[in-house]
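Take a look at the structure set out below.
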Amino acid sequence: MNMDVLVSLCKRRGFIFQSSEIYGGTGSCWDYGPLGVELKHNVKRVWWRDFVQRRADMVGLDASILMHPTVWKASGHVDSFTDPMVDCRECKRRFRADQVDDMPWVHYCEATKGNKFTIAAGEPCKHCGARRTLCPECGKGQLTAPRQFNLMFKTFMGPVEEEASLTYLRPETAQGIFVNFDNVLQATRRKLPFGIAQIGKAFRNEITPGNFIFRTREFEQMEIEYFVNPHDTIEGRPADEYLHDVWIEQCKAWFTGYGVSSDHLRLHQHPDAELAHYSKRTVDILYQFPMGWSELMGIANRTDFDLKQHAKFSGKSLTWFDEERKEHVVPFVLEPSAGVDRALLAFLLDAYREEEVRNEKRVVLRFHPELAPVKIAVLPLLKKRSEIVARGHELRDRLARRWTTVYDDTAAIGRLYRRQDEVGTPYCLTVDVKTVGDAEKGEAGDGKVTIRERDSMEQIRVPIDAVDTVFGRLLDAGASWADVAREFPRAEG
RNA sequence: GCGGGAAUAGCUCAGCGGUAGAGCGCCAGCCUUCCAAGCUGGGGGUCGCGGGUUCGAAUCCCGUUUCCCGCUCCA
């Protein structure tokens, strides 16, 4: 799957546009068009429903993007959410300054007539005594001075730009949850373990954004902070470790449940050396994007780091009282954190198919019906017959009360089907002459319409009175097309 | 930031000193009883932007911006 093909389709059909395109575009920002906004809503809606509403141990939250600046001091983002970078002037490779010292050094030693040695971190050369000053990779180039990046967007609260009013656009939604931990606990009388979920925008001044909506400076997260009593054990294991594995499986299952092939998913556990400052263990779910295996979501065990930090900086107690053990505990936190935009991209990529139908190429997005931006398209077979058109509009209006439904009569039926295939509409409903009859010939209509399924292109004849029930089963009750279709006669294709 | 590539119609691209083009798509009409059919007509581009060379620049030169691919980071 080529990303450019998808980018082109997304633009042409109104899923995703480049931000500020008429001004030349701006790197790393994208706008969701009429179909994209529906798709994105659907991704968020099913996630919220599956992980919040249907679970007894989860509640939701919507915290503000701008917060008290001390939040980011407590979280560590002001001090450590930076990546000083150095470049080799010779081979042009780039390194994180804090990691250069730990890398073995390729040294061309002049004392031994330019022989090449690999010297471990911090060690001097045995022959000339030199310590590393040059590129660890090529051993020849001077390194540039470290350039400091802070990945947080600065902004000012209030109209006056002064240091006192400096704050940040949140770089993650998680901190909004931590600072509300006690509020939620008091308001909902929760017992451990329980979780708080949030969906919202986050902002990071990425060094290198790119790969379409994969890495952007403004993006949307779906995050859960799941609070666990670290003193509990489950099946002989610490509860946080046990439940961490449970979350990993549930998150992976969520993606496959909505159409992502398990062949395109892979787990990656961060080596200890790469763990973030707050993490005890982090496992990523990787997806096979066109540019390679990359992170779709991360599931971290953040321990009690965040709650302890906020307790320390705010002076407020952020604990839960364990009635059994009669003690205050600072919960451990499991954090399944997904990118809405990355999830959406994975769903798009996995749905995209090019098929051969009657020697013609058919482009189809095989979205899970829950994700499809449009559920039903109502199409008239002939638009010169006013009864057909009128019945079509009537059906659209009726169905649109329950499902996203469009009406289109601007082309021949074959083209209309292809258009709907290309945006992933799972069902088309066609009104034809037999539906309404022919008054001039004295023929009565049969009151039936054709329903056509996207992937199989099969068609069935369904009485208009049964249409709502059929779509209710297909779209709301999760019935399979095969099960529903066998109850109705096939229509000619 | 560094290196490489690119920018012409909604999309894919041709044109490479002499009146801006093609295919597809889109819109309107005709036709059409179920999978991108056909016919007729139509809209749409100051050729990324700025400067220079020239009688004349989409085309040559300089600058600049943006995008794409690598190096690095994360959702």
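Please read these numbers as outputs of a predicted model, since none were measured by experiment. Chain A is the first sequence line, chain B the second, and so forth, proteins listed ahead of strands; every chain is numbered from 1.
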Regarding A/Arg461 and A/Asp432, does a basic nitrogen lie under 4.0 Å from an acidic carboxylate oxygen?
yes
For the pair A/Asp240 and A/Arg281, find out whether any cationic side-chain nitrogen is under 4.0 Å from an anionic carboxylate oxygen.
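Looking at A/Asp240 and A/Arg281, the cut-off is not met.
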Any [X] side-chain N or O less than 4.0 Å from OP1/OP2 of [N]:
X	N	result
A/Asn205	B/C73	no
A/Arg415	B/G25	yes
A/Thr410	B/C27	yes

Expressed as a whole number of angstroms, how long is the span from [X]:[atom1] to [N]:[atom2]?
X	N	atom1	atom2	value
A/Trp293	B/C73	CH2	P	20 Å
A/Asp408	B/C27	CG	P	8 Å
A/Tyr417	B/C34	OH	C1'	5 Å
A/Phe15	B/G10	CZ	C1'	16 Å
A/Lys434	B/U33	NZ	C1'	8 Å
A/Arg13	B/G10	CZ	C1'	12 Å
A/Leu345	B/C74	CG	P	19 Å
A/Asp409	B/C30	CG	P	13 Å

Rounded to the nearest 0.5 Å, what's the gap from CD on A/Glu422 to CZ on A/Arg454? Could you check?
13.0 Å
What does [X] touch in the nucleic acid at a heavy-atom separation under 4.0 angstrom: a base, only the sugar-phosphate, or nothing?
X	result
A/Thr435	nothing
A/Leu379	nothing
A/Met457	base
A/Asn211	sugar-phosphate
A/Thr430	base

Is it the case that A/Arg342 places NZ or CZ above or below the six-membered ring of A/Tyr287, under 6.0 angstrom from the centre and within 45 degrees of the axis?
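So A/Arg342 doesn't make the cation-pi contact.
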If you find the nucleotide of RNA chain B closest to A/Lys11 and the one closest to A/Glu295, which residue's nucleotide is nearer the 5' end?
A/Lys11
Of A/Arg419 and A/His270, whose closest RNA chain B nucleotide lies nearer the 5' terminus?
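That would be A/Arg419.
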[atom1] atom, [N] versus [M]: distance in rounded Å?
N	M	atom1	result
B/C60	B/A7	P	11 Å
B/G1	B/C73	C1'	14 Å
B/G44	B/C35	C1'	29 Å
B/G15	B/C74	C1'	44 Å
B/U72	B/U54	P	48 Å
B/G63	B/G41	C1'	45 Å
B/G43	B/A22	P	13 Å
B/U59	B/U19	C1'	15 Å

Go through [options] for me and flag the one nearest to the [X] side chain.
X	options	value
A/Ser8	B/G70, B/U32, B/U12	B/U12
A/Leu381	B/C34, B/A75, B/C74	B/C34
A/Arg215	B/A75, B/A36, B/C34	B/A75
A/Met291	B/A36, B/A75, B/G70	B/G70

Stacking between A/Phe219 and the base of B/A75 (centre distance under 5.5 Å, interplanar angle under 30°)?
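Yes.
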Side chains of A/Tyr258 and A/Asn42: any donor to acceptor distance under 3.5 Å?
no
Side chains of A/Glu295 and A/His268: is there a donor and an acceptor less than 3.5 Å apart?
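Not at all, the side chains of A/Glu295 and A/His268 share no donor-acceptor pair under 3.5 Å.
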Examine the base of [N] for any acceptor or donor lying under 3.5 Å from a partner atom in the side chain of [X], and report the outcome as yes or no.
X	N	value
A/Arg204	B/C74	no
A/Thr450	B/C34	yes
A/Arg12	B/C11	no

Indicate yes or no: at least one non-hydrogen side-chain atom of A/Arg217 is less than 4.5 angstrom from one of A/Phe153.
yes
Quick one: are A/Val449 and A/Val378 in side-chain contact, heavy atoms under 4.5 Å?
no
Starting at the 5' end of RNA chain B, write a dot or bracket for each base, bracketing those in Watson-Crick or G-U wobble pairs whose two distances are under 3.5 Å and using | for partners on another strand.
((((((((.[[[[.)..(..]]]].(((((.......))))).....[[[[[..)....]]]]])))))))....
Between A/Asp409 and A/Pro380, the two heavy atoms sitting closest are CB-CG, 3.3 Å
Quick one, A/Gln269 with A/Leu267, criterion side-chain contact (heavy atoms from CB on, under 4.5 Å). Give me CA distance, side-chain angles, the key distance, then yes/no.
CA-CA 7 Å; A/Gln269 177 159 335; A/Leu267 297 179; over 6 Å; no
